[in-house]
Q: 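Mind looking over this structure? Questions follow.
Numbers for residues simply follow the sequence, beginning at 1.
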Amino acid sequence: MPAFFAPLFNRPVRPGWAGKAARATLVMAIALLAFGAQAWTLEDVATLAKTRAQAPLQTIGQPVPAELAALDYDAYRDIRFNTDKALWRADALPYETNFFHVGPHGDIVRISEVSADSARVVPYSAADFSFGKNRLQPQTWGDLGFAGFRVHTALNSPNYKDELIAFLGASYFRALGAGQRYGLSARGLAVNPTGPGAEEFPRFTDFWLEKPAANAAPGAPLAPLVVYALLDSQRMTGAYRFEVKPGEQTTVDVRARIFMRTGVAPAATLGIAPLTSMFFFGENQPRAADFRPEVHDSDGLMMVTGDGEWLWRPLQNPASTLVTSFAMKSPRGFGLMQRDRDFRSYEDTEARYELRPSAWVTPVGDWGPGRVELLQFNTPDETHDNAVAYWVPEKSPQPGESLELAYQIAWQGKNQQMPPNGWVTQSRRGTGYSRLDAQTLSQQVQFVIDFAGPALDALPEGAPVKAVVSTDANGRVLESLAYKNPATGAWRATLRVQRIDPAKPVELRAFLQHNSNSVS
């Protein structure tokens with residue numbers, strides 16, 4: 001299945017409402033009435049989240065109707081929202097909202113529309129959906145609620161509203177800039193993604209969509225789309241505000257307040273601003289049986305520390321789960337990037353991986369010390385996400401404490417975040433012709449890495465450039481060369497490393513240096 005819908009189908013189903021639906025609806029109605037005379041704000045959602053955090057997690061929801069629960073993936077995909085019923089279409093506003101139908105294993109969310117002087121729950125109506133070839137009886141379901149929603153706007157053309165952002169499954173969401181195709185996703189929070197025990201998946205239970213203003217003057221930028229969300233989980237609740245600004249680079253400004261529940265064990269790992277992507281194979285890990293040179297939504301993790309050091313880690317599809325941490329005093333940014341934008345690198349006319357966005361996270365304020373953590377695990381195909389990156393604060397909030405966060409996610413295409421000096425354009429692994437015997441070669445790993453960037457372009461002819469390489473205790477650097485590629489004029493580094501224990505990974509670090517200056 002497409003990676004974006006995997007969270008909806010692969011998460012454990014929560015217990016039913018067990019008679020609590022009416023009480024929950026009453027509580028929400030009181031909350032909406034209490035704030036209905038004012039503009040809806042993050043403070044309002046935070047009040048609800050803080051109150052909810054005073055008690056254990058309540059699995060409030062209604063059971064999915066049996067005939068919906070029996071649908072397989074293809075049958076569920078045959079249920080489609082009627083776009084002529086989109087929220088705000090009749091008002092001719094710059095944004096329109098379509099809704100996802102509840103699926104076999106989907107959590108049900110409540111969605112409300114708020115304006116300056118009112119708030120109303122958006123009711124479910126079976127008449128708003130086409131059920132395709134499915135033989136169902138939706139008239140018996142009542143007000144079922146929704147699985148999520150997606151918003152459309154004139155992103156690529158003033159004459160057509162393209163999909164801009166979607167929220168579906170747990171706390172997952174993803175957005176698009178102009179000319180992009182859906183790829184990686186973001187999440188509200190990641191909790192214990194590397195254990196111990198099973199990962200905890202916080203979910204958005206309630207959304208409030210702020211009714212947008214009317215169209216601005218022709219040619220003027222669109223006013224931002226504002227979405228509020230209430231997050232709930234075993235260990236915490238949260239209030240979120242998303243401000244979405246569409247464009248060539250669509251940005252999502254996130255403000256969040258997290259409230260830790262009392263009486264529960266603290267999270268071993270609290271992942272802030274998590275990004276989830278897919279890397280099946282690529283230039284550093286080719287797949288002989290596939291006609292496509294590369295298949296991935298992202299090809300690397302990029303980071304910049306508070307000290308201004310830039311780091312790039314190529315992604316891979318490991319045989320077993322691999323966790324890598326990058327400690328720093330504070331982060332200035334990190335992201336899972338799709339750096340290779342050339343169609344010839346993918347040759348996939350349907351998936352169009354060269355159009356998948358990069359997602360660059362910029363913290364607002366000083367997040368303090370901690371680490372960027374990268375989790376990678378094996379995927380047998382391209383339909384499953386297998387790479388997750390997030391920020392882990394050195395001091396996580398304890399039970400009963402709270403945490404306030406602000407950051408921006410930029411969904412970028414060809415014009416994406418790059419280091420100021422130089423960067424890697426491709427990483428290849430393997431050997432060419434060699435006089436070494438097969439046993440010796442099996443104990444060695446060779447990398448060929450190409451670089452580009454203004455600092456390299458500015459070097460005079462004949463400038464001395466060297467590859468500076470270091471390894472951990474499981475590796476020994478046998479060769480490191482830096483030279484200009486005579487075919488392209490770009491700089492290339494060749495590294496040959498011996499792995500001491502073949503059963504363990506080797507941690508490598510390499511950059512180009514001119515005199516005493518780093519140029520990549």
Side-chain angles (χ1 to χ4, degrees), residues 1-2 4-5 7-9 11 21 24-25 28 32 40 60-65 67-69 71 73 75-115 119-132 134 136-153 155 161-176 182 185 188 203-212 225-231 240 242 244 246:
M1 71 188 67
F4 183 52
F5 288 92
L8 181 61
F9 280 82
R11 305 303 176 217
T25 303
M28 284 308 305
L32 290 175
W40 192 256
I60 298 176
Q62 67 181 19
V64 174
E67 54 185 340
L68 275 179
L71 296 180
Y73 175 73
Y76 170 65
R77 289 278 287 167
D78 210 21
I79 303 176
R80 300 181 182 276
F81 186 76
N82 296 326
T83 57
D84 59 334
K85 301 292 186 179
L87 182 66
W88 305 323
R89 169 169 282 202
D91 300 318
L93 297 179
Y95 300 99
E96 297 178 1
T97 301
N98 295 350
F99 300 99
F100 290 108
H101 201 281
V102 173
H105 305 302
D107 289 316
I108 297 173
V109 301
R110 290 176 290 268
I111 301 175
S112 300
E113 178 197 31
V114 297
S115 59
R120 71 176 186 94
V121 175
V122 179
Y124 166 84
S125 173
D128 293 343
F129 291 87
S130 170
F131 294 91
N134 293 302
L136 303 171
Q137 295 180 312
Q139 66 275 10
T140 65
W141 298 343
D143 190 352
L144 189 60
F146 303 101
F149 66 95
R150 53 188 173 188
V151 180
H152 296 240
T153 194
L155 185 62
K161 287 185 171 66
D162 298 286
E163 195 164 334
L164 170 68
I165 190 168
F167 290 80
L168 177 64
S171 66
Y172 286 81
F173 64 96
R174 59 182 183 172
L176 292 170
Y182 272 139
S185 302
R203 74 179 189 96
F204 292 133
T205 61
D206 302 84
F207 291 97
W208 294 265
L209 312 181
E210 191 172 285
K211 188 173 184 178
L225 170 74
V226 177
V227 175
Y228 298 93
L230 181 61
L231 178 137
Y240 283 73
F242 303 93
V244 187

Q: Just how far is it from atom CG of Asn134 to atom CZ of Phe129, taken to the nearest 0.5 Å?
A: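 With rounding to 0.5 Å, CG (Asn134) is 13.0 Å from CZ (Phe129).
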Q: Check salt bridge (Lys or Arg N to Asp or Glu O under 4.0 Å) between Asp162 and all other residues, then give those that pass, not counting sequence neighbours.
A: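 If we apply the salt bridge (Lys or Arg N to Asp or Glu O under 4.0 Å) test to Asp162, skipping adjacent residues, there are no hits.
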Q: How long is the span from the CD1 atom in Ile165 to the CG atom in Leu155, to the nearest 0.5 Å?
A: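 Reported to 0.5 Å precision, the distance equals 11.5 Å.
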Q: Step by step, would you call Phe149 with Leu209 a side chain to side chain contact (heavy atoms under 4.5 Å, CB included)?
A: CA-CA 10 Å; Phe149 66 95; Leu209 312 181; 3.5 Å; yes
Q: Please report the shortest heavy-atom distance between Ser185 and Tyr172, naming the atom on each side.
A: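 Looks like CB-CD2, 4.1 Å.
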Q: Side chains of Glu163 and Asn98: does their closest heavy-atom pair fall under 4.5 Å?
A: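 With C-beta onward as the side chain, the pair stays apart.
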Q: What's the spacing between Thr83 OG1 and Asp128 CG if we round to 0.5 Å?
A: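 Answer rounded to 0.5 Å: 11.0 Å.
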Q: Roughly how far, to the nearest 0.5 Å, is CG of Leu144 from CZ of Phe146?
A: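 Separation between the atoms: 9.0 Å.
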Q: Identify which one of Trp208, Trp40, Trp88 satisfies the side chain to side chain donor-acceptor pair (under 3.5 Å) criterion when paired with Glu113.
A: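 Checked Trp208, Trp40, Trp88 against Glu113; only one passes side chain to side chain donor-acceptor pair (under 3.5 Å): Trp88.
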Q: For residues Val114 and Ala119, report the shortest heavy-atom separation together with the two atoms involved.
A: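 Closest pair (atom of Val114, atom of Ala119, distance): CG1-CB, 3.7 Å.
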Q: Quick one, Ile79 and Leu136 - any side-chain contact, counting heavy atoms below 4.5 Å?
A: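 Side chain of Ile79 against side chain of Leu136, heavy atoms only: contact under 4.5 Å found.
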Q: Side chains of Arg203 and Val109: closer than 4.5 Å at any heavy-atom pair?
A: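 With C-beta onward as the side chain, the pair touches.
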Q: Looking only at the aromatic ring of each residue, does the gap between the centers of His101 and Tyr76 stay below 6.0 angstrom?
A: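 Judged by ring-centre distance (under 6.0 Å), Tyr76 and His101 do not meet the cut-off.
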Q: Keeping the roles fixed (side chain from Asn82, backbone from Ala127), state whether a donor-acceptor pair exists under 3.5 Å.
A: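 Confirmed, Asn82 side chain pairs with Ala127 backbone.
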Q: Sequence neighbours left out, what passes salt bridge (Lys or Arg N to Asp or Glu O under 4.0 Å) with Glu210? Give chain and number order.
A: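 Glu210 satisfies salt bridge (Lys or Arg N to Asp or Glu O under 4.0 Å) with no other residue.
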Q: List in chain and number order the residues that pass ring-ring contact (aromatic ring centres under 6.0 Å, His included) with Tyr95, two or more places apart in sequence or in another chain; answer none if no residue qualifies.
A: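 Result, ring-ring contact (aromatic ring centres under 6.0 Å, His included) vs Tyr95: none returned.
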Q: Which atoms form the tightest heavy-atom contact between Ala126 and Pro138, and what is the distance?
A: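 Shortest heavy-atom separation between Ala126 and Pro138 comes out as CB-CB, 3.5 Å.
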Q: Looking at Tyr240 and Gly188, what are the two nearest heavy atoms and their distance?
A: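 Result for this residue pair: OH-O, 3.0 Å.
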Q: Is the shortest side-chain heavy-atom distance between Lys211 and Asp91 below 4.5 Å?
A: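 Counting from C-beta outward, Lys211 and Asp91 do come under 4.5 Å.
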Q: Shortest non-hydrogen contact from Gly148 to Ile111?
A: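 Minimum heavy-atom separation between Gly148 and Ile111: O-CD1, 4.1 Å.
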Q: Restricting to non-hydrogen atoms, name the atom on Gly145 and the atom on Ile108 that form the minimum distance, rounded to 0.1 Å.
A: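 Scanning both residues, the minimum pair turns out to be CA-CG2, 4.0 Å.
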Q: Leu225 versus Thr153: any side-chain heavy-atom pair under 4.5 Å?
A: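 The answer is no, as the side chains (C-beta and beyond) never meet within the 4.5 Å cut-off.
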Q: Would you compute the distance between atom OG1 of Thr205 and atom CG of Leu231 and round it to the nearest 0.5 angstrom?
A: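 Answer for the OG1-CG pair, Thr205 versus Leu231, is 7.5 Å.
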Q: Using ring centroids (six-membered ring only for Trp), state whether Phe207 and Phe99 fall under 6.0 Å.
A: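 They do not qualify: ring centres at least 6.0 Å apart.
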Q: Taking the side chain as every heavy atom from C-beta outward, state whether Trp141 and Val102 have any pair of such atoms under 4.5 Å apart.
A: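 Result no, sub-4.5 Å side-chain heavy-atom pair not found.
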Q: Are Phe204 and Phe173 an aromatic pair, judged by ring center distance below 6.0 Å?
A: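 No, the ring centres sit 6.0 Å or more apart.
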Q: Can you tell me how far CD of Glu96 sits from CG of Leu87, rounded to the nearest 0.5 angstrom?
A: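 Going from the CG atom of Leu87 to the CD atom of Glu96 covers 9.5 Å.
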Q: Is there a side chain to side chain contact (heavy atoms under 4.5 Å, CB included) between Glu67 and Thr140? Walk through the geometry before answering.
A: CA-CA 11 Å; Glu67 54 185 340; Thr140 65; 4.2 Å; yes
